[in-house]
Amino acid sequence: MARQPIFDRNQKVVAYELLYRTEDAQEHALFSGTEATSEVLLNAFTSISDSGEQKRVPAFVNLTRDILVEQKLPEFSKKHIVLEILEDVEPDEEVVAAVRKLHSEGYRIAMDDFIYDPKFDELLDICQIVKVDVFELTPEQVAEQVKHLRKHKVTLLAEKIETHEQLEDCIELGFKLFQGHFLSKPKLVKGKKIRGSQVALMQLIQELQNPKATPEKLEELIIRDPALTYKLLRIVNSAGYALVRQVESVAQAIVLLGLEQVKKWATLISMSSSQDKPEELSRGLLVRGRMCEEIALEQKKDNYGSYFMAGMMSGLHALLDIEREEMLEQVPLGDDIKNAVTLGQGEIGQVLRNVVNYENGDWDLLPLDLDGTLYDKAYRASLDWTEEAMQAMYD
């Protein structure tokens, strides 16, 4: 399983769509457990830290015809679930009756990959959300869909947004919810240089790659940036570390945290400095980096920290508003990390490719011999770690 964020107009995450395999052996995986098991599963994939506040957002869950008609759903919390009717489900009498029953029980209903046809009118009077695939349609066709749907009291969700222009057009047409890969990689500005404060952070990250780095040398770099110094001391003095006494110097913090932890926090702070970017972008990169590291640890790799950095660096350029190649020129990294990020080469590159495909739900791009149990465990652990890490930034 994986999750894809759904945004509002302010690029805040308001829900996640849960992505899961649909092979026969796993088709009913989401619904096979008891109520408690289902709630634990949903909580693992829909709990986030948003500006330091822990919250749970709803999950959009795909329903096949069989699950819908046979009512194979456990008792979910109604406010934490949106039931999504797949595009290949025909709106016959059985389906309409099943949807009416779910609606009467308090569930919210969404129509997936919707193309208007009068045969759907009865369902449109029941459902609350309609998802329109803007990638497969021309702008004129999208406008035509909106025209038909305005007759019904539904919230419009634009899915598979791939460009900034598509996003702007959909906002103009009245869409309120948005989903797609573009929203996880903001528009890049070619030729832009890293700001002064970001340079200090990048220099610190570079020095952290040096196996001979000392706390004194790192302190020298950190204190060049007052904001970085403040945030690092705030983190180490937070409730999460439960120290007997307060840490008063950067060198003390480095010794206490260890180089690997300083590396992670420095990178996180560099990402959080981009206040004009969706928080989900930072969150996604943290999940990716930690997942790469979790897999490396399970596989007993000595250089597991490099896996974390490769995952982070694979998308950090979007936060800095520069091209990836330019970022790598300004922030020299080890060849193993650079080749993994740019070319997908080496053991790190292979894990990074698998992690990206996993988090996107692109199951068909994963190797047939992939250890699914390992990746599932790593993905869930990275979600938990990221939630805690982002909350610690605001403690």
Side-chain angles (χ1 to χ4, degrees), residues 4-9 13-19 22 27-28 30-31 38 42 46 57-161 166-167 169-180:
Q4 185 178 27
I6 295 172
F7 298 86
D8 64 11
R9 290 187 177 186
V13 175
V14 293
Y16 284 107
E17 180 176 0
L18 299 191
L19 310 171
T22 55
E27 185 173 358
H28 303 298
L30 183 61
F31 310 106
S38 300
L42 284 176
T46 62
V57 296
F60 278 60
V61 180
N62 296 328
L63 299 186
T64 63
R65 178 189 169 82
D66 288 345
I67 295 174
L68 182 62
V69 172
E70 296 173 25
Q71 302 283 294
K72 292 182 177 179
L73 293 161
E75 283 291 327
F76 289 120
S77 170
K78 307 296 191 298
K79 69 178 181 179
H80 288 137
I81 197 83
V82 178
L83 303 178
E84 197 168 327
I85 302 174
L86 294 173
E87 65 275 12
D88 59 356
V89 176
E90 282 295 317
D92 56 32
E93 290 184 8
E94 279 189 312
V95 166
V96 172
V99 174
R100 283 193 185 282
K101 183 174 183 298
L102 291 170
H103 180 263
S104 68
E105 293 173 356
Y107 285 105
R108 286 173 289 176
I109 311 296
M111 304 287 290
D112 188 32
D113 280 348
F114 189 78
I115 298 293
Y116 179 76
D117 188 297
K119 67 182 180 181
F120 290 111
D121 280 348
E122 202 167 357
L123 283 181
L124 287 172
D125 289 335
I126 305 171
C127 73
Q128 291 80 38
I129 300 169
V130 175
K131 301 177 72 174
V132 178
D133 183 344
V134 300
F135 182 73
E136 294 294 334
L137 303 176
T138 66
E140 293 75 21
Q141 290 172 327
V142 173
E144 184 68 18
Q145 292 298 308
V146 171
K147 180 180 177 182
H148 288 301
L149 292 169
R150 281 196 182 122
K151 303 172 186 176
H152 303 273
K153 296 180 180 180
V154 294
T155 298
L156 298 180
L157 188 158
E159 61 178 335
K160 297 184 183 175
I161 294 176
Q166 283 179 333
L167 176 61
D169 289 344
C170 289
I171 291 175
E172 185 70 24
L173 285 169
F175 284 86
K176 292 186 177 179
L177 300 175
F178 311 90
Q179 187 177 13

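A 4.5 Å side-chain heavy-atom check between Glu122 and Arg100 finds at least one atom pair inside the cut-off. Annotation: side chain of Val146 is not in contact with side chain of Val132 (no heavy-atom distance under 4.5 Å). A 4.5 Å side-chain heavy-atom check between Lys131 and Glu17 finds at least one atom pair inside the cut-off. Residues Met111 and Leu123 are in side-chain contact: their nearest non-hydrogen atoms beyond the backbone lie under 4.5 Å apart. No side-chain heavy atom of Ile85 sits under 4.5 Å from any side-chain heavy atom of Cys127. Counting only heavy atoms from C-beta outward, the side chains of Gln166 and Lys160 never approach each other to under 4.5 Å. When side chains are defined from C-beta on, Glu159 counts as touching Asp112, because their heavy atoms get closer than 4.5 Å.
Remark: Lys78 NZ is packed, more than 12 non-hydrogen atoms of other residues, nucleotides or ligands lying under 6.0 Å away. Atom OH of Tyr107 sits in a crowded spot, with more than 12 heavy atoms from other residues, nucleotides or ligands closer than 6.0 Å. Atom CD of Glu93 is surrounded by 12 or fewer heavy atoms from other residues, nucleotides or ligands within 6.0 Å. Summarising the local packing, NZ of Lys119 is surrounded by more than 12 heavy atoms from other residues, nucleotides or ligands at distances under 6.0 Å.
Screening Val96, Val95, Leu102 for a side chain to side chain contact (heavy atoms under 4.5 Å, CB included) involving Val99 leaves a single residue, Val95. Results of the side chain to side chain contact (heavy atoms under 4.5 Å, CB included) test with Phe178 over Ile6, Val14, Leu167 single out Leu167 as the only residue that passes. Each of Val142, Val130, Thr155 was compared with Phe175 under the side chain to side chain contact (heavy atoms under 4.5 Å, CB included) criterion, and only Val142 meets it.
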In sequence, state the C-alpha distance, the side-chain angles, and the governing distance for Glu94 and Arg65, and then conclude on side-chain contact (heavy atoms from CB on, under 4.5 Å).
-> CA-CA 10 Å; Glu94 279 189 312; Arg65 178 189 169 82; 2.8 Å; yes

For the pair Gln145 and Leu173, evaluate side-chain contact (heavy atoms from CB on, under 4.5 Å) and give the outcome as yes or no after the intermediate values.
-> CA-CA 10 Å; Gln145 292 298 308; Leu173 285 169; over 6 Å; no

Report the C-alpha distance between Leu137 and Ile115 in whole Å, list the side-chain angles of each, state the deciding distance to 0.1 Å, and finish with yes or no for side-chain contact (heavy atoms from CB on, under 4.5 Å).
-> CA-CA 10 Å; Leu137 303 176; Ile115 298 293; 3.8 Å; yes

Show the numbers, then the answer: is there a side-chain contact (heavy atoms from CB on, under 4.5 Å) between Arg108 and Ile129?
-> CA-CA 8 Å; Arg108 286 173 289 176; Ile129 300 169; 5.6 Å; no

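Rounding to the nearest 0.5 Å places CG of Leu63 at 7.5 Å from CD1 of Ile109. Note that CG of Leu177 is 9.0 Å distant from CG of Leu156, once rounded to the nearest 0.5 Å. Separating the OG1 atom in Thr46 from the CG atom in Leu18 is a distance of 7.5 Å, to the nearest 0.5 Å. Distance check: Glu84 CD to Asn62 CG gives 4.5 Å after rounding to the nearest 0.5 Å. To the nearest 0.5 angstrom, Tyr16 atom OH is 11.0 Å from Gln4 atom CD. Here the CG atom belonging to Asp133 is positioned 10.0 Å from the CD atom belonging to Gln179, to the nearest 0.5 angstrom.
Val89 and Thr64 make their closest contact through CG2-C, 4.4 Å (heavy atoms, listed as atom of the first residue, atom of the second, distance). The minimum heavy-atom distance between Val69 and Ala98, with the atom names listed, is CA-CB, 4.1 Å.
Proximity of a side-chain donor or acceptor of Gln128 to a complementary backbone N or O of Ile126 within less than 3.5 Å is detected.
By the side-chain contact (heavy atoms from CB on, under 4.5 Å) test, Asp121 is found to be paired with Tyr116, Pro118, Leu124, His152, residues two or more places apart in sequence or in another chain being considered.
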